[in-house]
Amino acid sequence: ALAFMRYDGISAPVWVGTFNFRLIAASPTDFRFPVALYNTLYYVALATPLRVLGALALALWLNRERQGVGLYRAAVYLPTVIPDVAYALIWMWIFNPLYGPVNLIASALGLPTLGWLADAKTAKLVFVIMSAFQIGEGFVVLLAGLKNIPAEYYAAAAVDGGNSWQQFRYITLPLLAPWLLLLALRDVIFSAQNIFTSNLIMTNGDPYYSTLFLPLVAYEEAFDRMRFGPGSAITILLSIATTVLI
């Protein structure tokens, strides 16, 4: 309802119809909406397949029972349960251009060091890399999906001469397709909306708006500028964009 009103949290809300939506479209320099929309789509387009494929690869690798497999499964799930604030601070240290371990290792190997979060060309990639490690939930779902496939299917395929790739292509992948679709849809929603905490703590949209994502723009409009109407309108547009992607 606030998306169709002018409201600052103090005075009474005033009905303005679609004014807030038209204001967003007509004032891109003020609301930075096109830049944030591009950044969000860029992030979703890279993070979603990376997360799904990463979860699938780890589930296939850790599906078979072996010594220490429980420890490895727990290690995959661990980053998912770390609080978002702590997770963001950890990655700020990892990608620190001066004393972060990524640049220290690159320097020791004679490789070029990058500015990462301080460089507009690489800042968005840091958020994509971060998301690739929070795949514990998808990993557990796909692990359950693999356990749900009868072992007799693989035994029959082996008798008929099917190799590992053929078993994956004609047995595992088709039977896991509904699970993969579920995870893909879930990760589109997750990627588009749950980036707010790390975005606010790590870069606050900088450098040069290269990491300005839609949830942060909505927050700034509503709680920094006290313009709840445009902030709510941006949130609705984010939901619509997510629905279109799905």
Side-chain angles (χ1 to χ4, degrees), residues 1-9 13-52 55 80 83-85 87-88 91 117 120 123-135 137-138 181-246:
L2 288 177
F4 300 94
M5 298 181 183
R6 182 186 298 114
Y7 182 56
D8 59 6
V14 178
W15 180 267
V16 293
T18 59
F19 174 79
N20 292 321
F21 295 94
R22 290 184 281 110
L23 190 64
I24 293 172
S27 306
T29 56
D30 181 24
F31 285 88
R32 299 155 293 164
F33 183 77
V35 174
L37 179 61
Y38 167 78
N39 290 339
T40 304
L41 292 176
Y42 174 95
Y43 173 75
V44 172
L46 291 183
T48 299
L50 188 62
R51 287 167 55 88
V52 173
T80 305
D84 290 341
V85 174
Y87 193 70
W91 283 99
L117 290 171
K124 280 195 293 288
L125 290 176
V126 173
F127 289 92
V128 175
I129 295 171
M130 285 175 55
S131 71
F133 286 85
Q134 285 187 313
I135 57 175
E137 295 172 354
L181 177 62
L182 171 67
L183 284 182
L185 298 181
R186 180 257 183 193
D187 275 8
V188 167
I189 300 172
F190 178 87
S191 300
Q193 299 183 8
N194 286 21
I195 195 176
F196 168 74
T197 303
S198 56
N199 193 194
L200 178 66
I201 292 176
M202 296 175 65
T203 62
N204 201 27
D206 293 324
Y208 308 112
Y209 305 124
S210 61
T211 61
L212 184 67
F213 299 106
L214 286 178
L216 182 61
V217 177
Y219 169 82
E220 290 179 346
E221 286 299 319
F223 298 103
D224 285 348
R225 302 184 180 185
M226 302 303 291
R227 299 199 292 192
F228 289 91
S232 300
I234 291 173
T235 303
I236 289 179
L237 292 176
L238 174 60
S239 300
I240 293 175
T242 304
T243 304
V244 171
L245 288 176
I246 292 175

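Just so you know, these numbers come straight off a predicted model, no measurement behind them.
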More than 12 heavy atoms of other groups within 6.0 Å of F196 CZ: yes
Student check: side-chain heavy atoms of Y42 and L125 closer than 4.5 Å: yes
Whether T40 side chain and L214 backbone form a donor-acceptor pair below 3.5 Å: yes
R51 side chain near S191 side chain, heavy-atom distance below 4.5 Å: yes
Trace of the ring pair (Phe, Tyr, Trp, His ring centres under 6.0 Å) decision for F223 with F228: CA-CA 7 Å; F223 298 103; F228 289 91; 5.5 Å; yes
Derivation and outcome, side-chain contact (heavy atoms from CB on, under 4.5 Å), residues F190 and E137: CA-CA 12 Å; F190 178 87; E137 295 172 354; 5.8 Å; no
Closest non-hydrogen atom pair between A218 and T235, with its separation: CB-OG1, 3.6 Å
Where Y208 and A120 come nearest, the two heavy atoms and their spacing: CD1-CB, 4.3 Å
Any donor-acceptor N/O pair, Y87 side chain to M130 backbone, under 3.5 Å: yes
Non-hydrogen side-chain atoms of K124 and V128 separated by less than 4.5 Å: no
Aromatic ring pairing F213/F127, orientation class (parallel under 30°, perpendicular over 60°, tilted between): perpendicular
Whether N20 side chain and A3 backbone form a donor-acceptor pair below 3.5 Å: yes
Least distance between heavy atoms, V35 atom then Y209 atom: CG1-O, 3.6 Å
Side chain proximity check, L237 to F21, heavy atoms < 4.5 angstrom: yes
Heavy-atom closest contact (M5 atom, P13 atom, distance): SD-CB, 3.6 Å
Minimum-distance pair of heavy atoms, taken over all atoms of L216 and G205: CD2-N, 3.5 Å
Crowding at CZ, R6 (>12 non-hydrogen neighbours, <6.0 Å): no
Among T203, D206, N204, the one residue meeting side-chain hydrogen bond (donor to acceptor under 3.5 Å, both in side chains) with T211: T203
